[in-house]
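Could you have a look at this structure, given as structure tokens, before my questions?
All ligand and atom numbering here is 1-based and tracks the order in the structure. These numbers were taken from a predicted model, which means no experiment stands behind them.
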Amino acid sequence: MRLWGRVTIRRRMLCLWLLLLGFALVTLALLDLFNRDRNHSHQKPGPPRRPLQRFPSPPDLEVIVDSRDPALELGLARLKSLQEDQLLFVPSTQGTKSPPQRKGSYKVLLPGANRSITAQAPLTHGELGKPVRLHLVGLKRDLELAAFQKYGFNEAVSERISLRRGLPEARHPGCLGEQYTKSLPSASVVICFHDEAWSTLLRTVHSVLDTAPRQFLQEVLLVDDLSQHGHLKSVLSEYVSHLDGVRLIRSTKRLGVGGCRTLGAARAAGEVLVFMDSHCECQKGWLEPLLQRVAQDRTRVVAPIMDVIDWQTFQYNATQWPVRGVFDWRLNFYWESNPQLQDKDPDLDTKPVQSPALGGEVVAIDRHFFQSVGTYDPGMLLWGLEQIELSIRVWSCGGSMEVVPCSRVAHLVHHHLPYHFPDQELLQRNKIRIADAWMDAYRKIFYRRDTLAHFIRQSESPNIAERLRLKRSLGCRNFHWYLTTVYPQLYIPQDRPGLSGELYNVGTGSCANYMPGQGLQGGPMTTAPCSGTGSQHCGLNFEGEVRWGPMGALCLDAKIERVVLSPCPTHQPTPSRLQWKFIKLSGQLVHQQSQLCLEAVKEGGLPQSKAREVYTHTDTGDLFLRPCTHHPRQQWHFEQLVAPKDA
Ligand code: UDP
Ligand code: MN
């Protein structure tokens, strides 16, 4: 009995233990649930709620794009439809590791792994909130530097600035009272991006939403050009799906700037396309003046004044008006401030100004005109020059371009390009397409100033048959017409054999040189190793001017005995101060006003005291005017790098 009694006690104890264990487990589970709820309400990092469950498949979120669209003649292979998350594992072509992902949740760890971005609850248009919270745990300076390397701007500063900051008023007072009709055409703002930083991309989107009147804004169309960065995948889709009027489409092939914009254009529904870089901020009232100009003439392509966001401080800098887009003979684009224009026309403050070219940062164009004039050139590689090609084509084929001063948009100008290109000669190849398709015989002037392009062109021909067909079918005018009618300010070099090319000095074995970046007003000339690239090209013309550089707008000049560059005269006879005579037999270049000769002075060739005075940079020497002798340092050759018959 005692034995039976002991067994019964043990059984009871066991039941009690089991009961206690069960109770403990239930308590733990309840605590966990409670804690999770608390975590949510305090919005601590961790998997956020999945708003998609509450808003089943938002209608304006297109996950992926394929190229079966007949409007797209991009020559792409047929693309299979992918699930978005499959895109998470596109291998990087840049040798950088893809950020670690946690599939199925919205937490994305950025490289460096000590900070995280958490997507938050839905944000609707017009709703102010802090949609993305950043948890910066011990963000070190080297991380900031890494981000700077990665993006070409100070991303850490950008992240600290509100996604919806306002800009100080920079428009001319005359713009503020302007009235626009209620019947302006609708706009699709097409924003292509490739590996854009979160803060700059979303600031662009919010800026458009906050400044564009809803009745004129058909949509903001985000086009992902096969980005690799994790934050641009599910987190972005999620975020965008809650922004009213914003659509996101993704390309499964890297298209480059032009191709990506053409893709966006094919999917856009607005009457006017506004192509915008993915790091812009719009000034109040920027859209209406652009739409009005396009509505008045559907072949007019327009751009706002491009203000500048500083890559380091993110400070907003208003650009001086008047400004227009130009390019030089190496096919480099510039925004050129031109205060002289204003002297001629005091009403110019609020009046649009025609522009030989427009930059690509923000450009508005009628959707049908964009298609009929041949979209962006699908043969252009990844990045660069697409805006110059579009500009020459628009003007030559019946359209026009202008900058509209009552519209201002700020663009973040990068410190350096954030992309690594697989093709080192990519820019040259894009330039070759422009030269061969649009510049007729004037292309020789380009090839002499870009010898790398010249040598590439000698071994391969661009495939421009389609573009030439387009040019014929549209009845486009030739480049001579463009130069004389649209862009008469561009100096047309004479490039006489023996009187143009690199200016080679026999005594020093170096070439006349000008440090780029000294500005349009000129500065001291130096000598440096001959580059052979065409960057040191200059030429003596019939007027006796030695015109320097790819614009040909700077002239060899003398300040006392120092040889410098200064702006060449426009519409005026050349003063003798800027006139030179080349004596082929002796190789002397004689300054006409002083009758002194151009001499290369090697570093160390001057007495110490003098050397310190004049040497401001680390080049191999400087240029001076000296009494003429037959010393080899006064002997010069104009060396043409591209033989006249080749160009
Ligand atoms: N971009 C793109 N695909 C590329 C390269 C660039 O979609 O292969 C986008 C980029 O994110 C930006 C726009 O095209 O929104 C223009 O590029 P970027 O700003 O680098 O040109 P920049 O302003 O320096 O001329
Ligand atoms: Mn840009």
Do the ring planes of His411 and His279 sit parallel (below 30°), tilted (30 to 60°) or perpendicular (above 60°)? tilted
I'd like to know whether ligand 1 has His411 as a neighbour, heavy-atom separation below 4.0 Å. yes
In the protein, what heavy atom is nearest to atom 14 (O) of ligand 1, and what distance, to one decimal place, separates them?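 Protein heavy atom with the smallest distance to atom 14 (O) of ligand 1: Val257 CG2, 3.6 Å.
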Give the minimum heavy-atom separation between Leu201 and Leu232, together with the two atoms involved. CD2-CD2, 3.7 Å
Determine whether a donor-acceptor pair (N or O, by modelled atom type, separation under 3.5 Å) exists between the side chain of Ser372 and the backbone of His368.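 Yes; at least one donor-acceptor contact below 3.5 Å.
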Parallel, tilted or perpendicular: which one describes the rings of Tyr419 and Trp383, with boundaries at 30° and 60°? tilted
With under 30° as parallel and over 60° as perpendicular, where do the rings of His229 and His231 fit, or are they tilted in between?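 Rings of His229 and His231: tilted, as their planes differ by 30° to 60°.
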Backbone or side chain, does any N or O of Glu361 fall under 3.5 Å from an N or O of ligand 1? no
Considering non-hydrogen atoms of the protein only, which is the closest contact for atom 9 (C) of ligand 1, and what is the distance? Cys192 O, 3.8 Å
If you scan protein heavy atoms around atom 13 (C) of ligand 1, the nearest is Asp277 OD1, 3.3 Å
Just go through Tyr419, Phe275, Phe333, Trp383 and tell me whose heavy atom is the nearest to atom 24 (O) of ligand 1. Trp383
Output, in order, the C-alpha distance, side-chain angles, deciding distance and verdict of side-chain hydrogen bond (donor to acceptor under 3.5 Å, both in side chains) for Ser188 and Glu219. CA-CA 5 Å; Ser188 285; Glu219 65 199 335; 2.5 Å; yes
Quick test: of every protein heavy atom, which one is nearest to atom 4 (C) of ligand 1, and how far off is it to 0.1 Å?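 Nearest neighbour among protein heavy atoms for atom 4 (C) of ligand 1, to 0.1 Å: Asp225 OD2, 3.5 Å.
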Distance filter under 4.0 Å to His194 heavy atoms, resulting ligand 1 atoms: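 Close to His194: 2 (C), 3 (N), 4 (C), 7 (O), 11 (O).
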Decide whether the shortest distance between a heavy atom of Gly256 and an atom of ligand 1 is less than 4.0 Å.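 A heavy atom of Gly256 does come that close to ligand 1.
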Below 2.8 Å, can you find an N, O or S atom of His411 next to the Mn ion (ligand 2)?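 Coordinating: yes.
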Atom 15 (O) of ligand 1: closest protein heavy atom, distance to 0.1 Å, is Ser278 OG, 2.7 Å
Return yes when at least one N/O/S atom of Asp277 is nearer than 2.8 Å to the Mn ion (ligand 2), and no when none is. yes
If I take every N, O or S atom of His279, is at least one of them less than 2.8 Å from the Mn ion (ligand 2)?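 For His279, the answer is yes, given that an N, O or S atom comes within less than 2.8 Å of the Mn ion (ligand 2).
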Without swapping roles, check the side chain of Ser391 against the backbone of Leu358 for a donor-acceptor pair under 3.5 Å.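 A pair under 3.5 Å: yes.
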Which class fits the ring pair His454 and Tyr447: parallel under 30°, tilted 30 to 60°, perpendicular over 60°? perpendicular
Under 3.5 Å: donor-acceptor pair, side chain of Lys431, backbone of Leu385: no
Parallel, tilted or perpendicular: which describes the rings of Phe148 and His415, with under 30° parallel and over 60° perpendicular?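 Plane angle between 30° and 60°, so tilted.
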Contact between ligand 1 and His279 is defined here as a heavy atom of the residue under 4.0 Å from a ligand atom; is it met? yes
Counting both backbone and side chain atoms, is some N or O of Arg261 under 3.5 Å from an N or O of ligand 1? no
